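Working notes, beginning with the structure itself.
Worth knowing before you read on, the calculation uses all heavy atoms, side chains too, and leaves out hydrogens, waters and symmetry mates. Because the structure is a prediction, the values reported are computed rather than measured.
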Amino acid sequence: MSGFTLTPVETKPLSFTLPMVGAAGAFAGLFVGTAHGSGLMGIVIGAIALMALSLIALRVLGLGMEKTTRMGMIVLFIVVGWLVAGLPGLVLGALSGWFFSWFIFWIGEGRYRANLAPYLTSGQVLWHYTFRVICGTIFVFLITPILVVMPLSFNAQDFFTFTPEMLRFDPAGYSLKHYEDFFTSTGWQQALRNSLAIAPMATVLSVGFGTLAAIGLSQPHVPFRRAIMAILISPMIVPLIISAAGMYFFYSRVGLQGTYMGVVLAHAALGIPFVIITVTATLVGFDRSLTRAAANMGADPLTTFFRVQMPLILPGVISGGLFAFITSFDEVVVVLFVGSANQQTLPWRMFTGLREQISPTILAVATILVVISICLLTTLEYLRRRSERLRGLSPG
Amino acid sequence: MSDTTHTGPVLAADGTPLKRSLRRALRAQKLRALALIAPLLLFVLLTFIAPIADMLFRSVENQITGKTLPMTVEELRDWDGTGTPDERVYRALFFDLFFAAEGKEHTKLGSRLNYEESGISSMFRTTGRDVDDMGKVYQKAFKKLNPAFDEGAFWYEMMSGGQGAEGNTKLLSNQIGRLEMLETTTFKGEIGFVPGAEIYKILPNTTRAYTAFAAFTFFMKNDVVAEEDPWEAVYPALALDLAEPATVAALADYQGPGAQELRDAAAQIDTLPPVDMKAAFAESNKDWLRTEYWQVIKAYSPPYTTGYFLNAIDMEKTPNGIALRSEDERIYGILFKRTMFMSMVITFSCIALGYPIAWIMANLPARSANLLMILVLLPFWTSLLVRTSAWKIMLQQQGVINDVLVWLGLVADESRLVMINNQFGTIVAMTHILLPFMILPMYSVMQTIPQTYLRAAKSLGANNWTAFWRVYFPQSVPGIGAGSILVFILAIGYYITPEIVGGTTGTFISNRIAYHISSSLNWGLGAALGSILLAVVMVLYYAYDKIVGIDNVKLG
């Protein structure tokens, strides 16, 4: 909540509050009802219960007791939820209790208008919140699949789905055995080692070549700049299966197919566009007079590069490197074709595992990978801010 | 100098005209820039562009027929394509196939031609086993005439023309070259045999067959030529040569080793079985008399072919020219259309889902927008396989969504929704995976549209919708365009996700390419399909470069 209100808040009449809250209750009741056999009963009970609750909260107890009322409501929902559906019901009850106790006051006291311009019609206000709900749904769509993987990786069973024990929060339903499997299985460990051997090497290659080229490309006069750029970015655009097929043909001609070096070269080629894009983007904001100033004070080009230019574009270089790393670390298609069994990487093993559906160890690996990507993302976000600070832009 | 009026060209400090001096400086600058770019450009050309070029080349390359059956291809050139070829072709085929079968290369050609007409593969395989026996008939007959014909040393002596005879090195290098071509390697070294020049003139077929044997023995088996008995193919060759009246005449004056034995054999040529390779092949496999098989061999004998591309667009070569395949054999047209259609659906879903997100992020205060941005970037940064496996877990019949629906009572337990291994699964999963690629360009465009425009429109009397549709939306179109092309390009070439959640109806053209390269081993067809896909992507890439500019790609 922001510190000020655009529109003064006023208590709404019951003729508005009760139907609104009732409708919400009916909606929630529908789901509870269908789960227990009768949707209609759910709707009626839900609507009546919530209307009664809001009447008590807003009119009988009043605003002065808001905190107490909300606590009471949460407890009430928890108890009801527990009675109806056990432990999962308790959790759901707590959540819905928290939500509805907030919702009743939010509607009843007209707080929903506080942050909106006073001249908006009620239709516009309704649309404003509908739009928010739509956006929220899309964000749920974006995030849920990633979140679902995590609890499932602690499954005690070899299933790809939630077991009844897990839903009852029974400790017996959870275990670390898939993680244990990952850390003890020689196959997975070999795959991890391969991934860790290939990705850094590919990253070093693409960052080394890529940074040099990006500096070259950002010079004021580069002949055929557009064409060169198009060629250097093409590994990102050409479908992976085509790159993989071509590399398979060509690398077997020159004896690189099935070798560590072959996979490294292929992954380095795939990572280059990311390095080029991030580093050139950083260089756009680079003040060229700084290098001239350094030269003016007697620094040779190498010193200028390492002491003046490099520190300033370093965030871009590092984030390009992170992109290149994750590209290689996540890459499946090319390594499937260019590599042999000796270069089996983590994604490769995951892919074959998924296709043949062998073990939920995949989920443990997936969770570990999600954690790694969160770390990388945090680093990247930090670097971006640092870079903007260095370039004198406001940290946005 | 400061006071005098200078009329000549402006000079730089070192006295050269300024124009030239500037040009030189500019050239140095350009060269420095190119020198910085050169290593990477070279790297990309070698590791990435060369493989793509190789794939394009493979889609038209067809050297296998000429490599495996060089003489047959030569003889077939005169065949008019009706009936069956004449005996000469079958004779050439015998020697070619014998040689190829020794190196076990004939089955490759068989399976190659089998892509065009099924049945050819087994024809090559069975006859490849029989060619030894075809030669053995003559080997036995010659042995009966004179046991000397069964001895390796005798043959070596006869074929090399004896000590100090003039050798035919051209024939030798020809045959070594053929072996190199067949085995796609290079051979070096003295094989310890040179065919005699004189004997080659008298017995051309025999000497050629023996030289081929000698090269094969030395390079492929690492044996000493002089100590080995020749292979069966030389006997029919000898029978062919001796049946020629010219040979008999030439033999009369021949003085080299084995001359007497050859003259005796020529005198008794009638006791040998006549050489009829056509009959022999027909006996081995009667398919060798089928006109359509020979038409295929002839059609695919040039070193380059459009055949793979024709296949890739559901067409085929027929005796009456190029025609569409019959209805039930057309699969690639459907697959291309499906790939296009599904990519379009995915692109539109991405627009529909991405637009509100980009809008709300562009219109919220920076702090909340950043928080939401992390929610967008997290899936973007998560491994593709993690997201795909997540969707597999969510969508399968015992999966999370079905479980929730059943628990809520919206779906009966026995009629769980089928949401995976079909188009729906692919579209949902890929929309999720590609959504960040839509949101990021949209967001960066929307950030630049001032909010005041909307308020101005409203204050001029526009309602919400008009203000959005007439003022905001047109300005956000570049973002939609950039995102759409990017998503479409990425979607059209996707492989992993359709492979895992697509089943049979939700797969893309990429899956077919992968199948041809790793399972059916029809590399040419895989390459042709890939080339078509690449062409589509390149057109879109060009459009993207023109509309958005390739340097404007944003990565979060």
Under 4.5 Å from a heavy atom of chain A, the part of [X] involved:
| X | answer |
| --- | --- |
| B:L372 | both |
| B:L435 | side chain |
| B:V428 | both |
| B:L26 | side chain |
| B:F57 | side chain |
| B:W359 | side chain |
| B:I401 | neither |
| B:L378 | both |
| B:L405 | neither |

- Query: With a cut-off of 6.0 Å (strictly less than), are more than 12 heavy atoms of other residues, nucleotides or ligands near CZ of A:F131?
  - Reply: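 Counting other residues, nucleotides and ligands, CZ of A:F131 exceeds 12 neighbours.
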
Please classify the contact of [X] with chain B as side chain, backbone, both or neither, using a heavy-atom distance under 4.5 Å.
| X | result |
| --- | --- |
| A:L147 | neither |
| A:I237 | both |
| A:L265 | both |
| A:Y251 | side chain |
| A:L322 | both |
| A:A230 | both |
| A:A268 | both |

Atom pair [atom1] ([X]) and [atom2] ([Y]), whose distance is rounded to the nearest 0.5 Å:
| X | Y | atom1 | atom2 | result |
| --- | --- | --- | --- | --- |
| A:I231 | B:I49 | CD1 | CD1 | 5.5 Å |
| B:L40 | A:L205 | CG | CG | 10.5 Å |
| B:I52 | A:I242 | CD1 | CD1 | 6.5 Å |
| A:L336 | B:I517 | CG | CD1 | 12.0 Å |
| A:I138 | B:L375 | CD1 | CG | 12.5 Å |
| A:M350 | B:I496 | CE | CD1 | 11.0 Å |

Return the option, out of [options], with the maximum number of heavy-atom pairs under 4.5 Å with chain B.
| options | value |
| --- | --- |
| A:I143, A:V222, A:I372 | A:I143 |
| A:F337, A:F31, A:F250 | A:F250 |
| A:T144, A:L256, A:L212, A:L142 | A:L142 |
| A:V370, A:V333, A:V365 | A:V333 |
| A:Q124, A:E331, A:R253, A:M247 | A:R253 |

- Please work out whether the ring planes of A:F141 and B:H432 are parallel, tilted or perpendicular, with thresholds of 30° and 60°.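 Rings of A:F141 and B:H432: perpendicular, as their planes differ by over 60°.
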
- Polar side-chain atom of B:Y495 near backbone of A:P239 as donor-acceptor pair, under 3.5 Å: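 Absent.
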
- Query: With distance as the sole test, does B:R32 use its side chain to make a donor-acceptor pair with the main-chain N or O of A:Q219 at under 3.5 Å?
  - Reply: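 Pair absent, no side-chain N/O of B:R32 close to backbone of A:Q219.
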
Tell me the closest heavy-atom pair linking [X] and [Y], and the distance in Å.
| X | Y | value |
| --- | --- | --- |
| B:F43 | A:A269 | CE2-N, 4.0 Å |
| B:A527 | A:F249 | CB-CE1, 4.2 Å |
| B:Y541 | A:S234 | OH-N, 3.7 Å |
| B:A390 | A:V149 | CB-CG2, 3.5 Å |
| A:G216 | B:A33 | O-CB, 3.6 Å |
| B:I357 | A:C135 | CD1-O, 3.7 Å |

- Hey, mind stepping through B:N370 and A:E381 against side chain to side chain contact (heavy atoms under 4.5 Å, CB included) and telling me if it holds? CA-CA 10 Å; B:N370 260 338; A:E381 186 64 18; 4.2 Å; yes

- Message: Using the side-chain contact (heavy atoms from CB on, under 4.5 Å) criterion, which residues pair with A:T327? Sequence neighbours excluded.
- Response: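 With sequence neighbours excluded, A:T327 shows a side-chain contact (heavy atoms from CB on, under 4.5 Å) to A:L270, A:F274, given in chain and number order.
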
- Specify which of B:M55, B:R367, B:M394 makes the most heavy-atom pairs with chain A at under 4.5 Å.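 Top count of heavy-atom pairs under 4.5 Å with chain A: B:M55.
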
- Message: Quick check on the interface: out of B:P379, B:G493, B:G530, who has the most heavy-atom pairs with chain A under 4.5 Å?
- Response: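 Max contact count across the listed options: B:P379.
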
Any side-chain heavy-atom pair from [X] and [Y] closer than 4.5 angstrom?
| X | Y | value |
| --- | --- | --- |
| A:I228 | B:L34 | yes |
| A:I241 | B:F508 | no |
| A:P145 | B:R387 | no |

- Hey, which of B:V386, B:T382, B:L385 is the one that makes side chain to side chain contact (heavy atoms under 4.5 Å, CB included) with A:L369?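 Going through B:V386, B:T382, B:L385 one by one, the side chain to side chain contact (heavy atoms under 4.5 Å, CB included) with A:L369 is satisfied by B:V386 alone.
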
- Check step by step if side chain to side chain contact (heavy atoms under 4.5 Å, CB included) holds for A:F209 and B:V44. CA-CA 10 Å; A:F209 285 126; B:V44 171; over 6 Å; no

- Task: Check the pair B:I500 / A:F351 against side chain to side chain contact (heavy atoms under 4.5 Å, CB included), numbers first and verdict last.
- Result: CA-CA 8 Å; B:I500 290 174; A:F351 178 64; 3.5 Å; yes

- Message: In this structure, is the centre-to-centre distance between the rings of B:W381 and A:F329 below 6.0 Å?
- Response: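 No: the rings miss the under 6.0 Å criterion.
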
- Given the rule in the side chain to side chain contact (heavy atoms under 4.5 Å, CB included) test, do B:E499 and A:L354 qualify, once you have shown the distances and angles that lead to the verdict? CA-CA 10 Å; B:E499 182 76 21; A:L354 276 175; over 6 Å; no

